[in-house]
Amino acid sequence: MHDGSGRIAVQNLTKQFGAVTAVQNLSFTVEPGSVTGFLGPNGAGKTTTLRMLLGLVTPTSGAATINGRPYTQLGNPARVVGSVLENEGFHPRRTARNHLRVYAAAIGVPDQRVDEMLGLVGLTPAADRPAGGYSLGMRQRLSLATALLGDPQVLVLDEPSNGLDPEGIAWLRGFLQSFAKQGRTVLVSSHLLSEVEQMIDQVVIVSAGMTRYYGPLEQLRASQRSRVLVQPADANALVSALREAGITEVQPAQDGRVAVMGATVQQIGDVAAKAGVAVYGMEEEKADLEQLFFQMTSPQYSGQPMPQQPQNPYQPPPGPPPGGFPPGPPPGAPPQSPPQNPYGPGQPGQQGWGGGH
Ligand SMILES: Nc1ncnc2c1ncn2[C@@H]1O[C@H](COP(=O)(O)OP(=O)(O)OP(=O)(O)O)[C@@H](O)[C@H]1O
């Protein structure tokens, strides 16, 4: 039997399709009680990893387990893990209600659960229409309802925001967060950080089949350091004054401006005023998580060689971070720690999800 922990563990997972290495020595864990984003650009190996986790593809080497067991050894897996993968087909002439009834019977849950799930995902008004006429967003909802039929402990969703309107995305975010708060496990894949940023607490970033970062999203945010570009009358005098004031991450630029990290506009202004250095302008460059994500994964696009063992080459600005954190630690190890710097938190919100389209 499985251990009931709700933990997903991916350990040294590799999948080779002929000459194509879809996934290469991937390791990470997903703990219950949080929503984990599984992020990477198109072709990074996300779907292949999820398919290995769900017993649909056999790994070349390594292991992917849920509750300490491979999917195929879970007993009644629909009661343990619900999943929504890309391009899931529905019988086009079968109504959503009948589709769910067939699944309910197959996994041994009562028909009453079908109506509950239709209501939960907002499909009740469209429940008796053939699924073949559904929009992409409605099909996503039907897939989610199917995944939830067995009241699973673990939910695995591949690109769940695809086709959902903003209201649907907001509902999904609220739903996944409350699902996780019940001590359940949620893993959602996406190729766009911005699409899932508001719904996830943890993040696994992969590129070219390898782990680039895994740990709390908040820590990744904190690693993005903003800087202030100052236009002073006398750059040397400002640099000296800032350093004397204990603000040491200061870099004069060739254009006469000074880049300052680890200090606010107000602090810099105060130091400059006290030192009698005139300041003609200050520009605060906000940290951009999406940009960091892109930089961490972009070598796949640019054709640059991807290091086999990505080091931790994160350099603070002004040079852009070249991207890449060390590969994920073994399952159970503490999350990786990118450099610290406070960064404003996101603003999670929640709205309702209207009925079917
Ligand atoms: N059955 C297969 N046969 C051969 N190559 C495959 C197969 N499945 C996936 N691949 C290749 O493996 C790599 C990873 O694909 P995968 O679909 O896992 O990526 P992904 O991160 O899910 O991408 P996307 O965001 O586009 O869904 C790609 O190069 C893909 O072409």
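As the structure lists them, so they are numbered: ligands from 1, and atoms in each ligand from 1. Count residues from 1 along the sequence. Basis for what follows: all heavy atoms, side chains included, without hydrogens, waters or symmetry-related copies.
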Interfacing atoms of ligand 1 (cut-off 4.0 Å, heavy-atom, [X]):
{"X": "N42", "result": "23 (O), 24 (P), 25 (O), 26 (O)"}
{"X": "E159", "result": "25 (O)"}
{"X": "P41", "result": "21 (O)"}

Keeping the roles fixed (side chain from [X], backbone from [Y]), state whether a donor-acceptor pair exists under 3.5 Å.
{"X": "S189", "Y": "E159", "value": "yes"}
{"X": "K46", "Y": "V188", "value": "no"}
{"X": "Q267", "Y": "T264", "value": "yes"}
{"X": "R51", "Y": "L56", "value": "no"}

Atom 8 (N) of ligand 1: closest protein heavy atom, distance to 0.1 Å, is F17 CE1, 3.4 Å
Which protein non-hydrogen atom lies closest to atom 12 (O) of ligand 1, naming both residue and atom, and how far is it?
A22 CB, 3.2 Å
Report yes if the distance between the aromatic ring centroids of Y134 and F90 is under 6.0 Å, otherwise no.
no
Minimum distance, heavy atoms only, to [atom]: which one of [options] is it?
{"atom": "atom 19 (O) of ligand 1", "options": "G45, A208, S189", "answer": "G45"}
{"atom": "atom 21 (O) of ligand 1", "options": "M52, H191, K46", "answer": "K46"}
{"atom": "atom 15 (O) of ligand 1", "options": "T47, V206, T48, V20", "answer": "T48"}

Would you tell me whether T95 and D128 have side-chain atoms, one donor and one acceptor, within less than 3.5 Å of each other?
no
No-hydrogen, no-angle side-chain donor-acceptor test under 3.5 Å, N12 and S27:
yes
So for G18, does at least one of its heavy atoms come nearer than 4.0 angstrom to any atom of ligand 1?
no
If we only consider heavy atoms of G43, is any one of them less than 4.0 Å away from an atom in ligand 1?
yes
For atom 6 (C) of ligand 1, is the nearest protein heavy atom under 4.0 Å away?
yes
Kindly state if atom 23 (O) of ligand 1 has a protein heavy atom within a strict 4.0 Å cut-off, that is, under 4.0 Å?
yes
pair L217-D201: side-chain heavy atoms closer than 4.5 Å:
no
Min N/O separation A44 to ligand 1 under 3.5 Å:
yes
With the threshold set at 4.0 Å, does a side-chain nitrogen-carboxylate oxygen contact exist between D111 and R97?
no
